[in-house]
Amino acid sequence: MKNKTYLKASLREIFYSKGRFIAIVLIILLGTLLYVGIKATGPILNHSASRYVDKQELSNLQIISTGGLTAEDEVAAAKIPDAQVESGYQFFYADDEKNQVIKLYSYAEKNQQNQLIVKKGRLPKKENEIVLDEKALSEGYRLNQTFKIKQPDQLERQNFKIVGFVQSPLYINTEERGLSTIGNGSVDFFAYLPESNFSNEVKSVIYVRFANVKNKETYGKAYETAMDKNIEQTEKLFADRPKERLAEIKADAEKELLPKKAEVTDDLAKLTAAQKELDQANTQLKQQASAVPAGNPQLTQAQAELEAQQKELTSNREQLLAAQEKLNASEKEFSELKTPSYSYNQRADNSGFQEYGDLSERIAAIANVFPVFFFFIAALITFTTMTRMVEENRREIGTLKALGYSRFEISIKYIIYALSAATIGIVLGSLIGTHTLPRLIFELSSDRYNLPGVEAFYLIRPIIQAAIAFLFASLGAALLVLLRELHEKPAVLLQPKAPKPGKRIFLERITPIWSRMSFNSKVSYRNLFRYKSRMIMAVIGIAGCAALMVAGVGLKDSIGSVGDKQFGPIIDYDATVTLKDQPDQKKVESLFSQNKKITSQLAALNQTVELKQKGQANQKLTMMVPENRQKFGNYLHLKQAEKSFELPNNGAVITQKMAELFDLTEGDSLTVYDEDQQTFKVKIAKITDNYLGNFLYLSKDYYQQTRGKEFVMNSYLLKSKKMTKNEEQRLSQKLLSSNQVLNTSFMSTQIKTQEHSMENLDGIVWIFVVLSGLLAFIVLYNLTNINVSERLRELSTIKVLGFYDREVTAYIFRENFVFTLLGILFGYGLGIILTKFILDQASMETITFPLVIRPGAYLLSGGLTILFSGIVMVATHFRLRHINMIDALKSNE
């Protein structure tokens, strides 16, 4: 009966202190929600994308060759272990009338890989039917329209009927469709048409799916490791194919050219014989003409016929010689053919696929810092609240000990209280966090991705971590205080703790200030320093929440500033023009001079190189060698700690991220692998600031010195006046049509892509800010509530002494105001440190985030904290008005 009554009293304690109980539950709930939810977001987003691409049978690998793919290539691919192989056609088509570039794919109903999702209409059933990218709907295309493709050398027909609009797992981004080598340089949308329409016998691509990566997470380490082995095996099997394919192309060319060459030679021989006969006829005619009187009509007619025959013979000879010259040129061209290159593209090479993975990686990086700090503040406040609650019940504990209750029986009440609060908070936080945050974050970025949604699942590890931390913060705090209190004798516990003795504070020593302060202010400031632990906990709690809000907005500012820091302050050119092999420079520069928007150009060598080091993943970066070192400073501003410097003539300049990853300092020697995996060494002369991409800069002289070969330019850096999107497209199209240019890359496109990529994180940042603000409000409420509860006798005393309600509120408010102000100021400094730490964690191999915190972050953080403090004080004012002074003053009797 005794225990039953005590149990009821324990449950009644929850009801009577429901404000505190709810506050503890909410703090634990918020901490768990953010920690578990954000920790789960990256894996859930990745898992959802993996399930989508697996369902659509997205190929794991695409094998592409510059020489096309034959039956021999398909046989080689079929030998790859665990591989399922399919082949198909693909090529770029430029519609000059509409200024559009379409990537055309072959469609075969029998194929299982890269399954299309029909969004409108149906898939092709007849040879004259075609389906377009869903994106083409925004270009004005509709069902049953005729779609014309003028490509007679590749297709059997030109006109197709549009029967559907689809999504392809090859493109998970709603906007990006990749680059092209024709038209304006970028793909507008894709299309699929029946395979029987393609006239070329040589295929364009081999799709491969591997059984050993089935059901593995596409963005996971296990998938990457397995795919590395698969690609290694593929490369071994295809090691001899480039040379074999070159031999096949040459053999096919000879097979086609030899009969033509023999025919032309034979025809020339016949012409030579005919010419000989004609010459003999001319000789005979001249002999006859000398024997016959002049003016013989028969001789005149014969002369005319011979002249006509000679004219025809000469014309035929010219045609045959031209044909022979053309055949010789073709023969020379084929004899000088380069060995075809084979490339092995993974899913990450698909347009938009890596961007989605990067989003998850950034979230995961942020999840390693921000929620942990949030979690720490929540746990700290929970610990403080539970500690104070047990300390407030000293008299009750003493009474129960005096009545004969055991230590365990006394502890049960607090164990139930702590376990109830922790369990409710942890369970609700885990449920809400797992099911809301990943979905909310996905919805905020879903307009950029062709994914159906997310499949939420519980990550056990963060849930267990949250449970352990909050059980320690609640139950552990209660048990620690109980262990201390229960060792005291009942007589001691029944007496209130002696108040801390008053001391002179530092402010009292500053007489001009202290003498001018009111009595109430003096009491408030004495109390602040008298109860230092209360002040420290309050300042830490408020500072932590203010720092979280500063960091939340600071992350948004910093992440959004990547483009601003990179384009303009560092990259000061507007486009990069990549040329074909052995280009006609004069022709290209003539095209530049014809465009009034182009102000200058600089020839350069751009090449992708690789860095390798044991224990570090291989890293690719762009090596840039300008033709003119002095002019290079007008196109790219090299900086170290914001101080500009010129490209050195002796030594290389490397960007800061690569220097960090490979532990490089100025003066170090670095081994670099070129595109053919040939090595060369450079000395690091300088390390330059950089935020987007990785670069290695060399002067022309130093490049020739280290490589031992002549500098050969392959690109131009362009500076121009501001151009519209249409003007950029026209320039790109004109350059590509010159047959000298491979691609034109505009910085405006990169800036736009970067902005879109960073926008995906905006929603996450605002989630952090809102939850941090909510935590700040609960922390302020809880700390104020504890403050008032501990000081009921003191507040009742000053009310009895005649203080008005507003004066009693001001008595507490002054202390809270100082706590809040100190907390905000410390929070600002802590917020800067926290933001910098998170950015360091979130920075990736190709992106370095600058630390940028604009004034708005401080205003929002400080303003919200002050607003919440004001709201709490209004609520406190009404509570103080209803204090029962008699009961409070009698409580220790």
Side-chain angles (χ1 to χ4, degrees), residues 50 53-91 105-116 168-170 192 194-196 198-255 337-350 353 610 612 617-618 673 675-677:
S50 292
V53 296
D54 286 345
K55 183 182 176 184
Q56 302 310 129
E57 300 283 346
L58 177 64
S59 56
N60 303 113
L61 189 69
Q62 293 182 35
I63 302 173
I64 299 171
S65 169
T66 54
L69 299 161
T70 64
E72 285 76 10
D73 292 300
E74 293 187 50
V75 169
K79 293 177 182 176
I80 304 170
D82 300 309
Q84 175 197 344
V85 176
E86 293 175 359
S87 61
Y89 296 94
Q90 61 181 34
F91 66 87
Y105 292 89
S106 61
Y107 169 77
E109 192 175 354
K110 63 179 182 183
N111 287 348
Q112 297 299 311
Q113 296 185 43
N114 308 318
Q115 291 289 304
L116 300 174
S168 169
L170 291 169
Y192 279 79
E195 191 173 74
S196 56
F198 291 81
S199 55
N200 200 334
E201 291 182 6
V202 178
K203 297 287 183 71
S204 312
V205 59
I206 291 176
Y207 300 107
V208 187
R209 269 182 69 80
F210 293 96
N212 62 350
V213 294
K214 191 176 182 180
N215 297 325
K216 281 186 168 66
E217 296 293 333
T218 297
Y219 296 101
K221 291 292 181 188
Y223 177 89
E224 288 180 13
T225 303
M227 281 304 298
D228 286 343
K229 290 180 181 177
N230 290 337
I231 291 173
E232 188 179 338
Q233 290 174 323
T234 304
E235 287 175 341
K236 282 181 182 177
L237 284 166
F238 277 82
D240 297 327
R241 281 301 299 155
K243 290 181 180 178
E244 290 172 359
R245 182 67 189 126
L246 178 62
E248 289 168 5
I249 293 170
K250 286 183 175 180
D252 289 341
E254 285 178 10
K255 190 177 178 181
L337 269 178
K338 288 188 175 181
T339 305
S341 62
Y342 281 68
S343 55
Y344 309 95
N345 299 333
Q346 295 194 61
R347 288 175 172 179
D349 297 309
N350 291 347
F353 203 89
E610 198 170 12
K612 299 179 182 181
N618 295 351
Y673 293 77
E675 291 170 324
D676 300 318
Q677 293 301 296

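In this chain, residues are counted from 1 in sequence order.
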Answer yes or no: does atom NZ of Lys243 have more than 12 heavy-atom neighbours from other residues, nucleotides or ligands under 6.0 Å?
-> no
Across all chains, not counting sequence neighbours, the side chain to side chain contact (heavy atoms under 4.5 Å, CB included) partners of Ser341 are Thr66
Worked verdict on Arg347 versus Thr218 for side-chain hydrogen bond (donor to acceptor under 3.5 Å, both in side chains) | CA-CA 8 Å; Arg347 288 175 172 179; Thr218 297; 2.8 Å; yes
Show your working on side chain to side chain contact (heavy atoms under 4.5 Å, CB included) between Leu170 and Gln62 and close with a plain yes or no.
-> CA-CA 11 Å; Leu170 291 169; Gln62 293 182 35; 3.3 Å; yes
Taking the side chain as every heavy atom from C-beta outward, state whether Asp73 and Thr70 have any pair of such atoms under 4.5 Å apart.
-> yes
Flag the pair Phe353 / Val53 as yes when at least one side-chain heavy-atom distance between them is below 4.5 Å, and no otherwise.
-> yes
Measure across Lys203 and Gly88 and return the closest heavy-atom pair with its distance rounded to 0.1 Å.
-> CB-O, 3.7 Å
Verdict with reasoning, Glu72 to Glu244, per side chain to side chain contact (heavy atoms under 4.5 Å, CB included) = CA-CA 10 Å; Glu72 285 76 10; Glu244 290 172 359; 6.0 Å; no
If every non-hydrogen atom of Arg209 is compared with every non-hydrogen atom of Asn60, which pair is closest and at what distance?
-> CA-OD1, 3.2 Å
Spatial distance of atom CZ (Phe198) from atom CD (Gln90) [nearest 0.5 Å] | 9.5 Å
Are any of the side-chain heavy atoms of Glu74 and Leu69 separated by less than 4.5 Å?
-> no
Separation between CG (Asn200) and CZ (Phe91), nearest 0.5 Å, reads 9.5 Å
Quick one: does Asn111's side chain get under 4.5 Å of Glu57's, heavy atoms only?
-> no
Minimal non-hydrogen separation, Ala83 against Val208, with atom names | CB-CG1, 3.7 Å
Nearest heavy atoms of Glu217 and Ser50, plus distance in Å | OE1-OG, 3.3 Å
Sequence neighbours excluded, the answer for side chain to side chain contact (heavy atoms under 4.5 Å, CB included) partners of Ser199 is Glu156
Quick one: ring-ring contact (aromatic ring centres under 6.0 Å, His included) pairs with a partner in residues 227-253, sequence neighbours left out?
-> Phe238-Tyr342
Output yes when a side-chain donor or acceptor of Glu86 lies under 3.5 Å from a complementary backbone atom of Gln113, and no otherwise.
-> yes
Is there a donor in the side chain of Asn212 and an acceptor in the side chain of Asn230, or the other way round, less than 3.5 Å apart?
-> yes
Atom CZ in Phe210, atom CD in Gln84: separation rounded to 0.5 Å?
-> 11.0 Å
Can you see which heavy atom on Gly67 is nearest to which on Pro340, and at what distance?
-> N-CB, 3.7 Å
Nearest heavy-atom contact between Ile231 and Leu61 is CG1-CD1, 4.0 Å
Kindly compute the distance separating OG (Ser59) from CG (Asn345), expressed to the nearest 0.5 Å.
-> 9.5 Å
For the pair Tyr192 and Tyr105, name the ring-plane relationship: parallel under 30°, tilted 30 to 60°, perpendicular over 60°.
-> parallel
Gap separating the CD1 atom of Ile249 from the OG1 atom of Thr339, nearest 0.5 angstrom | 9.5 Å
In plain terms, say whether Glu248 and Arg241 are close enough for a salt bridge, that is, a side-chain N and a carboxylate O under 4.0 Å apart.
-> yes
